[in-house]
Trainee: 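The structure follows.
Just so we're clear, the structure is a prediction, and the values are computed from it rather than from any experiment.
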Amino acid sequence: MKKALFSVIIVLPIIIFPTSSCKKEQLYLNDAIITGFDARMCACCGGLMITFNGETRPYMGEFRLIENVTALGITDNDNFPIYVKVNWRTDTTSVCNHILLTSITRR
C-alpha cells in the first residue's frame, strides 16, 4: 500500500506540472485580406485593416487592425487588397483590441 501511495505522489506531479505550469498563447492561422491603411483619427485607429471574412473593401464589414505594420514590409505603394495567409494573436498589451501578426505570406 505504501508503495502504491508513494508512486501516486511521485507520478501525479510529473503529469500535472507540465500541463498546468504555463499558459500557452492562442495563435490563429487564417486566410485573410489586407484592405488598406486605416486613416481614421481616433485613439485606437491607425495601422492596417485586415479581414478574415472575404471582404475586399476597406471599412466594410468586420475588420481588425494590425499593430505591427512596419515589420510586415507593406507600404503605401502596395496595391490593395492584398491576399495573405497569416499567423496572428490578440495584442494583450493594448486596450484597442488590435492584433499582432507573427507570420505572413502572400497567397
Side-chain angles (χ1 to χ4, degrees):
M1 184 65 168
K2 286 183 179 182
K3 192 173 188 177
L5 183 60
F6 179 74
S7 296
V8 169
I9 291 172
I10 296 297
V11 172
L12 193 60
I14 293 172
I15 294 171
I16 293 174
F17 180 72
T19 59
S20 65
S21 65
C22 298
K23 180 180 177 187
K24 296 187 177 171
E25 84 181 295
Q26 181 75 31
L27 287 177
Y28 302 93
L29 174 62
N30 294 99
D31 288 333
I33 301 170
I34 298 174
T35 58
F37 286 97
D38 183 14
R40 298 176 298 168
M41 300 299 238
C42 65
C44 287
C45 299
L48 285 171
M49 296 176 287
I50 189 168
T51 182
F52 299 103
N53 62 7
E55 180 61 58
T56 59
R57 297 173 295 167
Y59 304 106
M60 300 302 291
E62 183 180 339
F63 63 91
R64 306 286 299 266
L65 294 173
I66 302 170
E67 185 66 32
N68 55 335
V69 174
T70 56
L72 302 178
I74 297 173
T75 66
D76 291 330
N77 298 331
D78 285 309
N79 291 324
F80 294 101
I82 300 172
Y83 296 86
V84 293
K85 184 176 279 283
V86 295
N87 284 326
W88 63 278
R89 63 182 170 85
T90 303
D91 182 8
T92 57
T93 63
S94 170
V95 295
C96 294
N97 200 24
H98 289 167
I99 64 173
L100 295 170
L101 298 186
T102 56
S103 72
I104 182 171
T105 55
R106 294 186 187 223
R107 294 189 278 149

Trainee: Quick check for you: to the nearest 0.5 Å, what is the distance between T56 atom OG1 and N53 atom CG?
Mentor: 10.0 Å
Trainee: Checking H98 side chain against C44 main chain: does a donor-acceptor pair fall under 3.5 Å?
Mentor: yes
Trainee: Not counting sequence neighbours, which residues clear side chain to side chain donor-acceptor pair (under 3.5 Å) with S103? List them please.
Mentor: N87
Trainee: Return yes if some donor-acceptor pair links the side-chain N/O of S94 with the main-chain N/O of C96 below 3.5 Å, else return no.
Mentor: yes
Trainee: Does a side-chain N-to-carboxylate-O contact under 4.0 Å join R64 and D38?
Mentor: no
Trainee: Is there side-chain contact between F63 and F52, with at least one heavy-atom pair below 4.5 Å?
Mentor: no
Trainee: Looking at T51 and E62, what are the two nearest heavy atoms and their distance?
Mentor: OG1-O, 3.1 Å
Trainee: Grouping I, L, V, M, F, W and Y whenever their side-chain heavy atoms are under 4.5 Å apart, do V84 and F37 come out in a common cluster?
Mentor: yes
Trainee: Which one of N30, D31, T105 satisfies the side-chain hydrogen bond (donor to acceptor under 3.5 Å, both in side chains) criterion with K85?
Mentor: D31
Trainee: Transitively linked via ILVMFWY side-chain contacts under 4.5 Å: L48 with L100?
Mentor: no
Trainee: When M49 is tested against each of I34, T35, I33 for side-chain contact (heavy atoms from CB on, under 4.5 Å), which residue passes?
Mentor: T35
Trainee: Working to the nearest 0.5 Å, report the span between CG of L65 and CG of N97.
Mentor: 9.0 Å
Trainee: Let me confirm one number: the CH2-CD1 distance from W88 to I104, rounded to the nearest 0.5 Å.
Mentor: 13.5 Å
Trainee: So, do I99 and D91 sit near enough that their side-chain heavy atoms are less than 4.5 Å apart?
Mentor: no
